[in-house]
Asker: 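A single structure is presented below for examination.
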Amino acid sequence: MDMHQPAADPHAEIREEVRKLCARFPGEYWREMDARRGYPTEFVQALTESGYLAALIPEEFGGAGLPLSGAAAILEEIQASGCNGAACHAQMYIMGTILRHGSPAQKAQYLPEIAAGKLRLQAFGVTEPTSGTDTTALRTTARREGDKYIINGQKIWTSRAEHSDLMLLLARTTPRDQVAKKTEGLSTFIVDMRTAKGLTIRPIRTMMNHNSCEVFFDNMEVPAENLLGTEGKGFRYILDGMNAERLLIAAECIGDAKWFTARSAAYAKERVLFGRPIGQNQGVQFPIAKAYAQMRAAEAIVQKGLAKFERGENCGEEANMGKMLAAEASWAAGEACINTHGGFGFAEEYDIERKFRETRLYQVAPISTNLILSYIGEHVLGMPRSY
């Protein structure tokens, strides 16, 4: 059973190479990381040295210059191989914000270093404890003082903050009550966390090993030249990258679903009870088959979204639906995998329970299913705004 892309896939060679790289990091490696809540430094380093984390950086800056579908193929194969791309995936979807809105000087300063693996851009400071997905209600402020900004506030669920050199940070530069639209007055900054003073990072223990953190800013100074684009327009810059983020996360979920289904089908064929393979029983077979069908449907929508993104078309519908359907498919495939394996599905040595916990996150992040349904209801079907 081949769950990978057909031969016509333009990224088939990349997929094969990613699979070879991932084979060097078997389940034992990830179980050990999970047990001590460690960061997979060796895995991230291997991806970096192979150029995969610089996939979207243009060749002129030392990257591969791949389209978004190339990044999606890389992340999908990482997940389908039983590894976890969440350790570094933000470097791909944050990248577009700098590529589209960074100044020539910023690109020249950061992109070659990121491409060479000397800098990590893996932290995304947007969500706050009080505002959650209501991004325009964030309370972190950036006040201009001469040639620098003074930043105060707090972020939560800033994954990989301890293991990243740079953070893309969204803060309010004009009070909400002084702007015509609540989406105005927000600005985006590149924060060099290696030298920043007044920055405190606190890890949060969660159900899965996602290296999530709370980040506190206490009169943190950021050079004015680290402002990305125009002051007050940062919300639009962040929005620009959210469709890319959803498509890439969806690709990861598709990879998870492929991993679960391959494991389920193999075990259902080899496990014999009452004198017959358990996969002969429709109660075992049908949930696996249904999850596979869900995965293929989600995959088709994600592929359409990637194509639209690469043509510069609005792919909001496909990005949102693809992320929702892919997350649901991976969850269904995970359910089927645990049920197929019975008690062994809960045993750490099978890796199923680890992947099950990891893929559960995407029902909630980077955006919850309810907000995706709100988007579809309002922007696709033209119904009244629900919030």
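These figures come from a predicted structure and were not determined experimentally.
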Asker: Charged N to carboxylate O below 4.0 Å: is that the case for R296 and E299?
Answerer: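 So R296 pairs with E299 through a salt bridge.
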
Asker: Nearest 0.5 Å, please: how far is CZ in R37 from CG in N211?
Answerer: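 The CZ atom of R37 is 9.5 Å from CG of N211, to the nearest 0.5 Å.
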
Asker: Is there a donor-acceptor contact under 3.5 Å linking the side chains of E310 and S69?
Answerer: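 Indeed, the side chains of E310 and S69 share at least one donor-acceptor pair under 3.5 Å.
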
Asker: Looking at E245 and K323, is any side-chain nitrogen of the basic one under 4.0 Å from a carboxylate oxygen of the acidic one?
Answerer: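 No, this pair does not count.
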
Asker: Does a sphere of radius 6.0 Å around CZ in R311 hold more than 12 heavy atoms from other residues, nucleotides or ligands, not counting ones at 6.0 Å or beyond?
Answerer: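 Counting neighbours around CZ of R311, more than 12 heavy atoms of other residues, nucleotides or ligands fall under 6.0 Å, so yes.
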
Asker: Tell me whether W331 shares a hydrophobic cluster with Y362, the cluster being built from Ile, Leu, Val, Met, Phe, Trp, Tyr side chains joined at under 4.5 Å.
Answerer: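 In one cluster: no.
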
Asker: Under 3.5 Å, is there a donor-acceptor pair between the side chain of Q363 and the main chain of T369?
Answerer: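 Side chain of Q363 to backbone of T369: no pair is present.
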
Asker: For atom CD of E145, decide whether the heavy atoms of other residues, nucleotides or ligands shown that lie under 6.0 angstrom number more than 12.
Answerer: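 Atom CD in E145 is crowded, with more than 12 foreign heavy atoms closer than 6.0 Å.
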
Asker: Test side-chain hydrogen bond (donor to acceptor under 3.5 Å, both in side chains) on N152 and R143; report intermediate values, then the result.
Answerer: CA-CA 9 Å; N152 285 282; R143 185 181 75 255; over 6 Å; no

Asker: Does R31 pair with E348 as a salt bridge, N-O distance under 4.0 Å?
Answerer: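 No, this pair does not count.
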
Asker: Flag the pair E42 and R24 as a salt bridge only when some basic side-chain nitrogen lies within less than 4.0 angstrom of an acidic carboxylate oxygen.
Answerer: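 Here E42 does not pair with R24 in a salt bridge, since their nearest N and O are not under 4.0 Å apart.
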
Asker: Looking at every heavy atom in both C315 and N243, which two are closest together, and how far apart are they?
Answerer: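 Closest approach of C315 to N243, heavy atoms only: SG-CB, 3.9 Å.
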
Asker: Quick one: CG on L170 to OG1 on T140, what's the gap to the nearest 0.5 Å?
Answerer: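 Here the interatomic distance stands at 8.5 Å.
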
Asker: Among T135, T188, L138, find the residue that satisfies the side chain to side chain contact (heavy atoms under 4.5 Å, CB included) test when tested with F235.
Answerer: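 Of the listed options, the one satisfying the test is T135.
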
Asker: Is the Y29 ring parallel, tilted or perpendicular to the F25 ring (thresholds 30°, 60°)?
Answerer: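 Rings of Y29 and F25: perpendicular, over 60°.
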
Asker: State yes or no: do Y93 and V44 share one hydrophobic cluster built from I, L, V, M, F, W and Y residues joined by side-chain heavy-atom distances below 4.5 Å, directly or via other members?
Answerer: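 Linked, Y93 and V44 end up in one cluster.
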
Asker: For the pair N281 (side chain) and G283 (backbone), establish whether a donor and an acceptor sit closer than 3.5 Å, ignoring hydrogens and angles.
Answerer: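 Side chain of N281 to backbone of G283, a donor-acceptor pair under 3.5 Å: no, none is there.
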
Asker: Between R172 and E184, is there a donor-acceptor pair closer than 3.5 Å when you use the side chain of the first and the backbone of the second?
Answerer: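 The answer is yes, because a donor-acceptor pair under 3.5 Å joins these two groups.
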
Asker: Take M242 and L239 through the test side-chain contact (heavy atoms from CB on, under 4.5 Å) and record every step on the way to the result.
Answerer: CA-CA 5 Å; M242 285 184 174; L239 276 184; 3.8 Å; yes

Asker: Please report the shortest heavy-atom distance between K308 and E318, naming the atom on each side.
Answerer: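 The pair with the smallest heavy-atom distance is NZ-OE2, 3.2 Å.
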
Asker: As a quick check of understanding, evaluate side-chain contact (heavy atoms from CB on, under 4.5 Å) for E76 and V302, giving each step before the final call.
Answerer: CA-CA 11 Å; E76 181 195 310; V302 171; over 6 Å; no

Asker: Under a single-linkage definition using a 4.5 Å side-chain heavy-atom cutoff for Ile, Leu, Val, Met, Phe, Trp and Tyr, are I150 and M167 assigned to the same hydrophobic cluster?
Answerer: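 Hydrophobic grouping puts I150 apart from M167.
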
Asker: So how far is it from N226 CG to S103 OG, rounded to the nearest 0.5 Å?
Answerer: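 It is 9.5 Å, given to the nearest 0.5 Å.
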
Asker: I need the L228 CG to L168 CG distance, nearest 0.5 Å.
Answerer: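 Atom-to-atom, L228:CG and L168:CG are 6.0 Å apart.
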
Asker: Just to verify, which of F124, Y237, F217, Y149 counts as forming a ring pair (Phe, Tyr, Trp, His ring centres under 6.0 Å) with F189?
Answerer: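 Passing option: Y149.
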
Asker: Picking from V284, T340, I338, what satisfies side chain to side chain contact (heavy atoms under 4.5 Å, CB included) with S264?
Answerer: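 Exactly one option meets the side chain to side chain contact (heavy atoms under 4.5 Å, CB included) with S264, and it is T340.
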
Asker: Please indicate whether R139 has more than 12 foreign heavy atoms, meaning atoms of other residues, nucleotides or ligands, lying under 6.0 Å from its CZ.
Answerer: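 No, the 6.0 Å shell around CZ holds no more than 12 heavy atoms from other groups.
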
Asker: Supply the atom-to-atom distance N320 CG to I301 CD1, rounded to the nearest 0.5 angstrom.
Answerer: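 Output value for this atom pair is 11.5 Å.
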
Asker: Quick one: do M383 and I376 end up in the same hydrophobic cluster if we chain Ile, Leu, Val, Met, Phe, Trp and Tyr together by side-chain heavy atoms under 4.5 Å apart?
Answerer: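 As far as the 4.5 Å side-chain criterion goes, I376 and M383 are connected within one cluster.
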
Asker: Output yes when a side-chain donor or acceptor of Q106 lies under 3.5 Å from a complementary backbone atom of L227, and no otherwise.
Answerer: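 Yes: the side chain of Q106 pairs with the backbone of L227.
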
Asker: So, for K258 and A80, which heavy atoms are closest and what is the spacing to 0.1 Å?
Answerer: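 The pair with the smallest heavy-atom distance is CB-CB, 4.4 Å.
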
Asker: For S330 and D256, does a side-chain donor sit closer than 3.5 Å to a side-chain acceptor?
Answerer: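 No donor-acceptor contact under 3.5 Å links the two side chains.
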
Asker: Find out whether F344 and I352 are in side-chain contact, i.e. whether some heavy atom of one side chain is under 4.5 Å from a heavy atom of the other.
Answerer: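 Not in contact.
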
Asker: Between M193 and L199, does the side-chain contact (heavy atoms from CB on, under 4.5 Å) criterion hold? Intermediate values first, please.
Answerer: CA-CA 8 Å; M193 296 194 292; L199 172 67; 3.8 Å; yes

Asker: Does any non-hydrogen side-chain atom of E17 lie less than 4.5 Å from one of K20?
Answerer: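 Result yes, sub-4.5 Å side-chain heavy-atom pair found.
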
Asker: Under the criterion salt bridge (Lys or Arg N to Asp or Glu O under 4.0 Å), I'd like the reasoning laid out for E16 against R19: C-alpha separation, chi angles, the key distance, then a yes or no.
Answerer: CA-CA 5 Å; E16 182 60 35; R19 286 197 285 274; 2.9 Å; yes

Asker: Are any of the side-chain heavy atoms of H210 and E358 separated by less than 4.5 Å?
Answerer: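 In short, these two side chains do not touch, never coming nearer than 4.5 Å.
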
Asker: Would you say that E113 contacts D165 through its side chain, given a criterion of any heavy-atom pair below 4.5 Å between the two side chains?
Answerer: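 No, every pair of side-chain atoms sits at 4.5 Å or beyond.
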
Asker: Hydrophobic clusters here meaning ILVMFWY residues chained together by side-chain heavy-atom distances under 4.5 Å, can you tell me if L56 and I190 are in one?
Answerer: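 Yes.
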
Asker: Please test L169 against K155 for side-chain contact (heavy atoms from CB on, under 4.5 Å), starting from the C-alpha separation and ending with a verdict.
Answerer: CA-CA 9 Å; L169 174 68; K155 298 291 179 182; 3.6 Å; yes

Asker: Hey, does the side chain of R357 reach the backbone of M207 with a donor-acceptor pair shorter than 3.5 angstrom?
Answerer: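 Yes; at least one donor-acceptor contact below 3.5 Å.
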
Asker: Is the backbone of A347 close enough, under 3.5 Å, to the side chain of E353 for a donor and an acceptor to pair up by distance?
Answerer: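 No; judged by distance alone, with no hydrogens or angles, the pair does not exist.
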
Asker: Under 3.5 Å, is there a donor on one side chain and an acceptor on the other for E77 and Y52?
Answerer: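 No, no side-chain donor-acceptor contact under 3.5 Å.
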
Asker: Angle class for the Y350/H341 ring planes (parallel below 30°, perpendicular above 60°, tilted otherwise)?
Answerer: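 Rings of Y350 and H341: perpendicular, as their planes differ by over 60°.
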
Asker: What distance do I238 atom CD1 and H101 atom NE2 have between them, rounded to the nearest 0.5 Å?
Answerer: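 One gets 9.0 Å once the value is rounded to the nearest 0.5 Å.
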
Asker: So Q154 and V215, do their side chains get closer than 4.5 Å, heavy atoms only?
Answerer: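 A side-chain contact under 4.5 Å is absent here.
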
Asker: Quick test of your reading of the model: are R202 and E214 salt-bridged, counting only N-O distances below 4.0 Å?
Answerer: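 No, this pair does not count.
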
Asker: I'd like to know whether NZ of K304 has more than 12 heavy-atom contacts from other residues, nucleotides or ligands below 6.0 angstrom.
Answerer: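 Not more than 12 within 6.0 Å, no.
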
Asker: Are D351 and R354 within salt-bridge range, i.e. N to O under 4.0 Å?
Answerer: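 Judged by the 4.0 Å cut-off on N to carboxylate O distance, D351 and R354 do form a salt bridge.
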
Asker: Side-chain contact test, heavy atoms from C-beta onward, threshold under 4.5 Å: evaluate it for L121 versus I98 and give yes or no.
Answerer: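 They are in contact (side-chain heavy atoms under 4.5 Å apart), so the answer is yes.
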
Asker: Can you see which heavy atom on E162 is nearest to which on C213, and at what distance?
Answerer: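 Smallest heavy-atom distance, with atoms named: CG-SG, 4.0 Å.
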
Asker: So does K233 have more than 12 non-hydrogen atoms from other groups sitting under 6.0 Å from NZ?
Answerer: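 No.
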
